[in-house]
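Just so you know, these numbers use all the heavy atoms, side chains as well, and skip hydrogens, waters and symmetry mates.
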Amino acid sequence: MRFQDLRDVLTAGQDLRTWSVLVAVFGDLAPAKGDALSGTALREILRMIGIRPEALRVALHRLRKDDWIESERIGRQSTHRLSAKGRRETARATPLIYATGPRAERTFLYLSPPGRNGIGFAVAPQLALGCERVVPPDVIACAPPQMPDWITALVCPPDLLDATADLSARFSELLINLSRRSQALTAVERAALRVLAVQGWRRVVLKLPALSDDAFPPDWRGAACREGLAAILSSVPRPDIAEIEADARRS
């Protein structure tokens with residue numbers, strides 16, 4: 001099975017925004033302060049994903065303008081790294097993206113008195129959801145045995161519900177195809193495949209409230225996506241930056 005076939009499982013019919021893919025590239029492959037990727041490495045990773053060099057240049061310009069990355073030119077080669085802001089934002093999102101289990105055991109329903117600022121994820125006036133057991137004394141917290149449908153629909157609207165179903169199916173298909181592939185992936189191929197998987201889940205999970213699994217609709221497939229991503233990342237180990245750079249120079 002060709003790498004392109006593996007890639008297409010994750011990309012077919014998807015709108016890939018280059019700047020967002022780059023955020024996933026740095027977040028997965030070069031998140032630390034001293035980490036940097038050359039322009040050559042970035043071009044090769046994005047070429048494997050199916051993104052043209054022109055789109056990469058535009059995305060790099062945008063991320064520099066937004067103070068997300070820093071670039072440095074040494075001779076004829078450019079290197080790129082996360083800025084301090086980029087590292088902070090990456091560190092904040094990492095626990096959500098790479099979590100291998102639910103965010104908490106239970107979600108509580110909070111009832112606040114009139115006039116109090118809302119706490120947690122608001123579902124109605126004075127009514128919110130959250131996972132904190134300790135709340136102010138004037139707030140009532142309860143853990144219902146099952147969340148009403150109208151609340152779970154607010155937590156995860158239909159578009160995100162469909163997105164988790166689609167992504168779960170893609171992850172399952174990719175894992176099956178990976179098990180059938182006999183040839184080892186190169187460092188750049190591993191990097192590209194990891195980025196696509198991370199980006200797929202990142203686009204969903206960062207739009208969801210920080211609640212436990214019981215707050216979501218019964219047909220929500222987020223937990224399956226979470227497990228699928230963990231299995232993919234285990235099957236496709238993260239290459240070292242040095243491996244990526246050497247592989248990119250050979251291409």
Colleague: State whether the side chain of E44 and the backbone N or O of D247 hold a donor-acceptor pair below 3.5 Å, judged by distance alone.
Modeller: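 No; judged by distance alone, with no hydrogens or angles, the pair does not exist.
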Colleague: Measuring from D166:CG to R221:CZ, what's the distance to the nearest 0.5 Å?
Modeller: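 Output value for this atom pair is 12.0 Å.
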Colleague: Which pair of non-hydrogen atoms, one from L6 and one from L174, has the smallest distance, and what is that distance?
Modeller: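 Looking at all heavy atoms of both residues, the shortest contact is O-CD1, 3.7 Å.
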Colleague: State, to 0.1 Å, how close C131 and A210 come at their nearest heavy-atom pair, and which atoms those are.
Modeller: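 Result for this residue pair: SG-O, 3.9 Å.
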Colleague: List the steps and the verdict of side chain to side chain contact (heavy atoms under 4.5 Å, CB included) for V25 and L46.
Modeller: CA-CA 9 Å; V25 168; L46 266 64; 4.1 Å; yes
Colleague: Drop me the distance from S71's OG to L37's CG, to the nearest 0.5 angstrom.
Modeller: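 It is 11.0 Å, given to the nearest 0.5 Å.
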Colleague: Taking G34's backbone N and O only, do any of them form a donor-acceptor pair with R81's side chain (distance below 3.5 Å, no angle check)?
Modeller: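 Answer holds: no.
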Colleague: Between R87 and T90, does the side-chain hydrogen bond (donor to acceptor under 3.5 Å, both in side chains) criterion hold? Intermediate values first, please.
Modeller: CA-CA 5 Å; R87 291 195 303 274; T90 297; over 6 Å; no
Colleague: Using 0.5 Å steps for rounding, measure from the CZ atom of R7 to the CG atom of L196.
Modeller: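 So the gap between those two atoms works out to 8.5 Å.
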Colleague: Which distance, rounded to the nearest 0.5 Å, do you find between the CZ of F216 and the CG of L208?
Modeller: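 Between F216 CZ and L208 CG, I get 5.0 Å after rounding to 0.5 Å.
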Colleague: Determine the minimum heavy-atom distance between L42 and F26, stating which atoms define it.
Modeller: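 Shortest heavy-atom separation between L42 and F26 comes out as CD1-CZ, 4.0 Å.
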Colleague: Would you say P217 and L161 make side-chain contact, with heavy atoms under 4.5 Å?
Modeller: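 Yes - at least one pair of side-chain heavy atoms lies under 4.5 Å apart.
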Colleague: For atom CZ of R106, decide whether the heavy atoms of other residues, nucleotides or ligands shown that lie under 6.0 angstrom number more than 12.
Modeller: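 Yes, CZ of R106 has more than 12 neighbouring heavy atoms, counting only those of other groups under 6.0 Å.
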Colleague: Got a donor-acceptor contact below 3.5 angstrom from the R170 side chain to the A12 backbone?
Modeller: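 Yes, R170 side chain to A12 backbone: donor-acceptor pair under 3.5 Å.
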Colleague: Could you pull out the closest heavy-atom pair between E243 and P239, with the gap in Å?
Modeller: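 Answer, listing the atom of E243 first, then P239: OE2-CA, 3.6 Å.
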Colleague: In plain terms, say whether D213 and R226 are close enough for a salt bridge, that is, a side-chain N and a carboxylate O under 4.0 Å apart.
Modeller: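 Salt bridge flag = yes for R226 with D213.
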Colleague: How many angstroms lie between NZ in K85 and CG in L63, if you round to the nearest 0.5 Å?
Modeller: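 Atom-to-atom, K85:NZ and L63:CG are 9.5 Å apart.
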Colleague: Any chance you could pull the hydrophobic cluster mates of Y110, using side-chain heavy atoms under 4.5 angstrom and chaining through other members?
Modeller: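 Besides Y110, the hydrophobic cluster comprises F108, I119, V135, V139, listed by chain and residue number.
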Colleague: Return each pair, listed once, that meets side chain to side chain donor-acceptor pair (under 3.5 Å) where at least one residue sits in residues 17-36; pairs must be two or more places apart or across chains.
Modeller: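 Listed by first then second residue: S20-Q199, S20-R202, D28-Y98, D28-R194, D28-R238.
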Colleague: To the nearest 0.5 Å, what is the distance between CD (Q183) and CZ (F3)?
Modeller: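 If we round to the nearest 0.5 Å, Q183:CD and F3:CZ are 12.0 Å apart.
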